[in-house]
**Q** 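Sending over a structure as structure tokens; questions will come in a sec.
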Protein chains: 2
Amino acid sequence: MSTQRKPRGPYRKGIQRRAQILDAALEVFAEQGDRGSSLQEIADRVGLSIPGLLHYFGSREELLLAVLERRDTLETDHLTTDGEGKITSAGEAVVRTIRHNMDQPGLVKLFVALSAAATEPDHHAHAFFADRYRRLTETTKAGMESGQANGTTRTGVNPEHLARLLLAVSDGLQVQWLMDPTVDMAAIVETFNRLCESE
Amino acid sequence: MSTQRKPRGPYRKGIQRRAQILDAALEVFAEQGDRGSSLQEIADRVGLSIPGLLHYFGSREELLLAVLERRDTLETDHLTTDGEGKITSAGEAVVRTIRHNMDQPGLVKLFVALSAAATEPDHHAHAFFADRYRRLTETTKAGMESGQANGTTRTGVNPEHLARLLLAVSDGLQVQWLMDPTVDMAAIVETFNRLCESE
DNA sequence: GTCTATACCCAGATAGAC
DNA sequence: GTCTATCTGGGTATAGAC
């Protein structure tokens with residue numbers, strides 16, 4: 001009765017463009033932050049007009065969320081591919097991540113600013129961050145539990161508390177580091193890890 | 001209530017007004033956050049015009065900074081006056097503070113948002129927060145050191161690291177709590193304190 | 001080659017900063 | 001009021017399934 005559509009999916013060119021835009025946007029947002037960045041600049045870097053860019057990401061917000069997700073997956077990839085030694089605990093993973101972050105103050109600033117703003121329930125990134133914390137808490141808690149099971153992590157402590165502490169430590173230290181770059185985040189997290197070890 | 005037949009002079013009245021404005025501003029900022037608040041609303045609450053208000057605080061920024069400082073001193077007062085038992089450690093002080101904060105989500109949100117924004121070196125609150133972290137780190141470190149000296153706090157760990165961890169935990173948990181109010185910040189800080197105790 | 005979803009641009013509308 | 005940034009409506013060109 002009605003005209004049937006044939007969704008054809010993006011062309012190869014479109015897929016490449018999308019990835020290209022994401023990379024450029026990640027750079028721009030990392031350099032200039034959320035507020036300091038414009039679609040114009042991102043469009044310029046990939047040689048598109050603004051409407052051309054918005055064809056792939058319906059709005060600026062959508063692009064920003066895609067960038068946040070991309071950064072998370074890049075981070076995860078980095079943890080698994082870049083490491084010669086295997087990660088033995090959640091705490092070690094955080095130390096490695098933080099070492100990596102210390103080379104990218106722009107991205108750290110972006111995340112700190114956004115996670116604070118996304119605290120507001122109707123912020124466009126609220127769902128992203130709420131879900132991110134849920135997910136990270138869950139996997140970190142699992143890591144703590146297995147650590148307790150194999151005797152490396154201190155027992156008799158609520159593993160979810162340990163997980164949330166590790167995440168809080170990581171977030172909180174980033175603020176302190178941004179305020180004063182001489183703060184050695186990695187060393188302090190390592191101290192925290194020692195507190196979590198079983199003696 | 002108090003029958004003031006004789007005016008005590010503008011100086012005293014000014015001091016009262018100043019305090020009155022501060023209280024109103026604290027309320028407004030706590031309810032609506034930094035951006036959501038206007039000088040107009042604060043002026044209305046104390047029955048002043050905006051220029052009248054600016055007579056006491058030269059600018060909106062100045063007023064905001066005064067509010068932040070006042071909140072810090074109120075917090076400190078609360079720690080000493082409201083307590084039946086004396087505080088025995090920095091960690092306990094943080095637990096009490098956090099319990100108190102859980103009744104004031106607006107202020108917590110204000111602090112989280114501002115400390116993130118103040119990360120930018122030219123933000124008008126940068127100096128305030130940078131100094132605040134320096135000061136808190138110093139006194140918390142001293143608390144940890146005395147804890148180590150009297151045997152309650154685990155030794156063999158860098159006391160400044162412990163101090164920065166406690167501050168990071170407190171800040172980081174506030175974000176998690178704002179994202180998900182079921183997070184029991186106080187209990188988690190208590191878990192952290194156990195990690196810091198000597199066995 | 002036909003045909004249509006996709007890729008992209010132009011010229012405003014609109015909102016906000018300065 | 002000017003400038004800048006996001007986003008929309010209305011179009012043309014092209015890729016790719018058939």
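When reading the values below, keep in mind they use all heavy atoms of this one structure, side chains included, and skip hydrogens, waters and symmetry mates. Proteins come first, then strands; the chains are lettered A, B, ... in the order of their sequence lines, and each starts at number 1.
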**Q** Just the rounded figure in Å: distance from P of D:dT6 to CZ of A:Arg60.
**A**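 The answer, rounded to whole Å, is 5 Å.
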**Q** Quickly work out the A:Gln40 CD to C:dA17 P distance and round it to whole Å.
**A**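 Rounded to whole Å, this separation is 19 Å.
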**Q** Can you measure A:Gln16 atom CD to C:dA7 atom C1' for me and round it to whole angstrom units?
**A**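 To the nearest whole Å, that distance equals 13 Å.
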**Q** Counting only side-chain heavy atoms from C-beta out, which of C:dC9, D:dG16, C:dA7 sits nearest to A:Pro10?
**A**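 Nucleotide nearest to A:Pro10's side chain: C:dA7.
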**Q** Nearest whole angstrom, please: distance from the P of C:dA11 to the CD1 of A:Ile50.
**A**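 To the nearest whole Å, that distance equals 14 Å.
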**Q** Using the ring of A:Phe111 (Phe, Tyr or Trp, six-membered ring only), decide whether A:Arg71 places NZ or CZ under 6.0 Å from its centre and within 45 degrees of its axis.
**A**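 Yes, A:Arg71 sits over the ring of A:Phe111.
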**Q** Quick one: do A:Arg96 and A:Glu92 make a salt bridge, cutoff under 4.0 Å?
**A**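 No.
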**Q** Rounded off to whole Å, could you give me the NE2-to-P distance for the A:His124 and D:dT6 pair?
**A**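 So the NE2-P distance, A:His124 to D:dT6, works out to 12 Å.
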**Q** Between A:His55 and A:Pro51, which residue's closest nucleotide on DNA chain C lies nearer the 5′ terminus?
**A**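 This one resolves to A:His55.
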**Q** When the distance from CG of A:Leu48 to C1' of D:dT6 is rounded to whole Å, what number comes out?
**A**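 It works out to 16 Å between those atoms.
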**Q** Are A:Lys109 and A:Glu31 ion-paired here, with the side-chain N under 4.0 Å from a carboxylate O?
**A**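 No, no charged N to carboxylate O under 4.0 Å.
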**Q** Report the distance from atom CZ of A:Phe29 to atom P of D:dA5, rounded to the nearest whole Å.
**A**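 For the pair A:Phe29 CZ and D:dA5 P, the rounded distance is 13 Å.
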**Q** Contact class for A:Leu54 (heavy atom, under 4.0 Å): base, sugar-phosphate, or nothing?
**A**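 Since a base atom lies under 4.0 Å of A:Leu54, the category is base.
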**Q** What are the two closest non-hydrogen atoms of A:Thr119 and B:Met179, and how far apart are they?
**A**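 For A:Thr119 and B:Met179, the tightest heavy-atom pair comes out as N-CE, 4.0 Å.
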**Q** Expressed in angstrom and rounded to an integer, what is the separation of A:Glu41 atom CD from D:dA5 atom P?
**A**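 Rounding to the nearest Å, CD of A:Glu41 and P of D:dA5 are 10 Å apart.
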